[in-house]
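What follows is one structure encoded as structure tokens, with my remarks underneath.
In what follows, chains are A, B, ... by sequence order, proteins preceding strands, each numbered from 1.
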There are 2 protein chains.
Amino acid sequence: MEQVSQQQSPPAKRPTIADIARIVGVSKVSVSNALNGQPGVSDATRAKIAAVAEELGFVRNSAARALSGAKAAAVGLALCRPARMLGTEPFFMELIGGIEKVLSDASYSLALQVVSDHERGLEAYRRWWGERHIDGAILVDLRRDDARVPALEEMGLPTVVIGHPSGSGRLTPVWSDDAAAVRETMEYLAALGHRRVGRIAGLTGLVHTAIRDEAFAAACADLGLDALPTVHTDYTGEEGARATRRLLLSPARPTAILYDNDITAVAGLSVAQELGLSVPQDLSLVAWDDSPLAQVVRPPLTALSRDIHAYGAHAARTLLDLIAGRPVTGYEDQAPQLTPRGSTAAPPAR
Amino acid sequence: MEQVSQQQSPPAKRPTIADIARIVGVSKVSVSNALNGQPGVSDATRAKIAAVAEELGFVRNSAARALSGAKAAAVGLALCRPARMLGTEPFFMELIGGIEKVLSDASYSLALQVVSDHERGLEAYRRWWGERHIDGAILVDLRRDDARVPALEEMGLPTVVIGHPSGSGRLTPVWSDDAAAVRETMEYLAALGHRRVGRIAGLTGLVHTAIRDEAFAAACADLGLDALPTVHTDYTGEEGARATRRLLLSPARPTAILYDNDITAVAGLSVAQELGLSVPQDLSLVAWDDSPLAQVVRPPLTALSRDIHAYGAHAARTLLDLIAGRPVTGYEDQAPQLTPRGSTAAPPAR
DNA sequence: GATCGGCGGTTAACCGATTAAGGCGTGAAG
DNA sequence: CTTCACGCCTTAATCGGTTAACCGCCGATC
């Protein structure tokens with residue numbers, strides 16, 4: 001605690017294109033053109049410039065470049081998470097990983113801000129865009145009638161929305177067909193013989209929650225299953241446990257439960273075991289989003305898997321297209337795939 | 001898939017200080033000074049300028065500001081994770097949350113890049129710093145003889161290292177006393193009556209792994225416990241399960257195991273149950289880093305808890321001090337606290 | 001032989017903010 | 001009555017790169 005760190009000071013003037021120009025004996029503009037692959041520079045000169053730039057360890061000053069009307073080479077992502085939900089979901093780390101991969105290949109960087117609510121998230125986008133800090137944005141946690149959508153539209157900020165087109169307005173959506181995944185799962189459970197299936201869902205306000213809710217109800221109707229009332233949670237283990245307990249202690253106890261994320265599913269598994277129910281003999285469980293977590297518990301959880309990394313990558317790629325002015329349609333990613341594991345089986349004969 | 005999103009184009013020229021100056025009838029400099037709280041502007045003028053700026057929705061162009069030698073108002077973090085480890089650890093999301101909180105309160109933003117190895121992480125820092133995109137950096141996953149440390153020192157980039165001072169060179173360290181936590185845990189296990197304790201650790205190259213390894217060996221010696229060879233993993237559930245299986249099937253089976261993260265501990269718990277051992281009667285488990293995950297499994301895991309959010313916040317605060325040129329000492333955070341839960345008990349009488 | 005069209009460059013102006021240096025009243029001190 | 005010090009503001013120059021406009025030269029074309 002005593003040692004004072006003394007970071008050496010010499011801010012060591014960085015070389016600029018003017019330095020390179022002087023050394024090579026040409027004008028700044030030629031250097032700029034050469035370094036940017038613009039025409040109007042002979043190959044010989046170009047090579048000389050490249051060599052000197054390399055030797056000097058030249059790095060473009062992005063501020064100056066941005067000031068001259070060029071791109072900022074960055075995109076923004078404001079993540080709205082109340083503190084306690086942070087870190088509970090592997091989903092976002094993976095999504096960010098996928099986004100980052102594409103961006104860094106294009107030498108773009110990601111400006112990330114974790115905020116407490118959508119209001120402040122919008123502020124972040126507004127500030128970044130106003131400051132010309134970003135060229136585009138990615139919007140997550142899309143809600144119904146999301147106020148951020150019209151706001152971003154009005155700002156003219158190129159934006160990709162991770163969420164269903166029904167809620168993305170004129171912004172570009174990247175989404176997956178959650179309804180199909182729900183249907184597939186329900187058909188699977190029905191085929192196993194289940195007649196009473198419960199659902200423990202995520203936050204009500206989110207678009208994808210609503211879509212899954214609807215698909216669930218529709219599938220129950222189509223397959224002639226008893227539709228238990230869906231229970232909504234905040235994705236935390238505590239609420240997942242509470243909701244599961246409620247469902248399992250109700251008179252019409254379900255023989256299978258579909259969860260909206262892995263954390264609540266794992267919590268539900270513990271609750272079932274506490275109550276003396278064995279999984280999958282007495283109760284089947286299905287988790288949304290596969291993860292190491294879903295695989296290490298006993299029994300391993302049947303899950304709706306999707307390649308989240310690729311999902312993020314698609315979103316980033318779409319955004320880069322949008323920024324570059326290339327014609328962009330929304331992108332529908334692959335629907336989550338049902339991966340049966342040890343947590344699902346036929347219901348107990350009664 | 002057919003709908004082509006047509007983000008409205010009018011890039012709508014943003015107001016600049018020149019616009020404000022023209023409207024108010026003063027010079028650009030006065031506007032700049034007024035908006036930055038610099039002296040030399042009368043209160044009346046200042047108020048008028050503020051009003052016009054507000055009305056126009058003026059946002060400072062950070063590129064221009066950065067170009068003029070001011071701060072970039074951003075710090076960089078390059079996260080080195082092989083793709084498959086991404087999202088497995090809640091640790092980083094929480095850490096980032098804490099960092100972000102402090103930064104955004106200071107109107108700083110975080111440039112984040114997820115890279116595959118340290119080499120590319122260093123490249124990111126170099127590019128950001130060269131481009132004047134960041135004012136400082138945070139270094140994580142500190143390794144022994146980490147090549148990034150001398151490189152960053154030489155670059156003169158203000159950097160806070162999250163890791164033990166022994167490996168941070170002249171950069172500023174922010175760390176917690178892992179050795180003390182290991183000691184506390186071992187004393188606790190010894191007091192319960194355990195004599196043979198195993199340890200399933202993280203990556204060998206990391207500084208904190210080495211420190212914990214040493215503390216573990218020292219504690220075993222001091223307390224007269226059998227020192228089983230430490231098994232190193234990559235923090236994934238698979239390796240945690242494999243290592244646990246190996247340990248439990250060895251002739252000198254331990255009665256307690258200390259894990260280096262929560263994922264491996266949960267995997268270990270499943271393995272124990274598979275092998276017919278009940279926890280904590282036959283085997284005690286301790287996880288490093290508390291998390292919702294550690295609490296939802298049955299039995300809930302005894303864990304070494306620390307406030308990761310605060311840890312990140314301290315690092316960010318230290319970095320801001322460093323950037324501002326305030327005298328900075330390293331910061332030693334609170335040591336992880338042992339939180340006993342249901343996964344630890346006295347060993348079986350033999 | 002005069003004209004046209006590129007190529008390979010150049011100079012000038014500009015992006016939007018900041019810092020440095022200076023000017024002009026006014027009131028107080030000498 | 002001068003002189004000095006300030007308060008309030010202005011002009012000029014600068015950061016590092018990009019874009020626009022223009023220029024001389026050489027070979028091909030008519």
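- Considering only the side chain of B/Ser30, D/dT10 comes nearest among D/dG17, D/dC15, D/dT10.
- Shown here are the side chain to side chain contact (heavy atoms under 4.5 Å, CB included) partners of B/Ala106, two or more places apart in sequence or in another chain: B/Tyr108, B/Leu320.
- Checking side-chain atoms of A/Tyr125 against main-chain N and O of A/Ile138 turns up a donor-acceptor pair under 3.5 Å.
- Within residues 40-58 of chain A, the residues approached by DNA chain D to less than 4.0 Å at the level of any non-hydrogen atom are A/Phe58, in residue-number order.
- Atom pair B/Arg60:CZ and C/dT18:C1' shows a separation of 11 Å (rounding to whole Å applied).
- At whole-Å resolution of the value, NE2 in B/His133 and P in D/dG17 are 16 Å apart.
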For residues 32-39 of chain A, dump all side-chain donor-acceptor pairs below 3.5 Å to protein atoms at least two apart in sequence or in another chain.
{"unit_1": "A/Asn33", "atom_1": "ND2", "unit_2": "A/Val29", "atom_2": "O", "d": "3.3"}
{"unit_1": "A/Asn36", "atom_1": "OD1", "unit_2": "A/Arg60", "atom_2": "NE", "d": "3.3"}
{"unit_1": "A/Asn36", "atom_1": "OD1", "unit_2": "A/Arg60", "atom_2": "NH2", "d": "2.7"}
{"unit_1": "A/Asn36", "atom_1": "OD1", "unit_2": "A/Arg65", "atom_2": "NH2", "d": "2.9"}
{"unit_1": "A/Asn36", "atom_1": "ND2", "unit_2": "A/Ser32", "atom_2": "O", "d": "3.0"}

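- The side chain of A/Val29 lies closest to D/dT18, out of C/dT19, C/dG16, D/dT18.
- Scored by the side chain to side chain contact (heavy atoms under 4.5 Å, CB included) test, B/Ala50 finds no partners at all (sequence neighbours excluded).
- When distances run from any side-chain atom of A/Lys28 to the nucleotides C/dA17, C/dT10, D/dG17, the shortest one goes to D/dG17.
- For the pair B/Ser32 and C/dA17, the criterion of a side-chain N or O lying under 4.0 Å from OP1 or OP2 is not met.
- OP1 or OP2 of D/dT18 sits under 4.0 Å from a side-chain N or O of A/Asn36.
- Rounded to whole Å, atom C1' of C/dA17 lies 13 Å from atom CG of B/Asp19.
- The side-chain contact (heavy atoms from CB on, under 4.5 Å) test with B/Thr318 singles out one residue from B/Ile323, B/Val174, B/Val102, and that residue is B/Val174.
- For residues 317-329 of chain A, the set of pairs meeting the salt bridge (charged side-chain N to carboxylate O under 4.0 Å, His left out) definition, not counting sequence neighbours, comprises A/Asp321-A/Arg326.
- Taking only side-chain atoms of A/Ser27, from C-beta outward, the nucleotide of C/dA20, C/dA17, C/dT11 with the closest atom is C/dT11.
- Taking atom CG of residue B/Leu35 and atom P of nucleotide C/dG16, one finds them 15 Å apart after rounding to whole Å.
- Between A/Ile20 atom CD1 and D/dG17 atom C1' the separation is 12 Å, expressed in whole Å.
- Sorted by first and then second residue, the salt bridge (charged side-chain N to carboxylate O under 4.0 Å, His left out) pairs with a member in residues 96-118 of chain A read A/Lys101-A/Asp105; sequence neighbours excluded.
- Taking atom CD of A/Gln38 as the reference point, atom P of C/dT10 lies 16 Å away to the nearest angstrom.
- At a threshold of 4.0 angstrom between heavy atoms, the contacts of A/Val26 are confined to the sugar-phosphate backbone, with no base atom among them.
- Residue B/Asn61 places its side chain closer to C/dA17 than to any other of D/dG16, C/dA17, D/dG17.
- A/Leu67 has its CG atom 10 Å from the C1' atom of D/dT18, to the nearest Å.
- No donor-acceptor contact under 3.5 Å links the side chain of A/Thr16 to the base of D/dG17.
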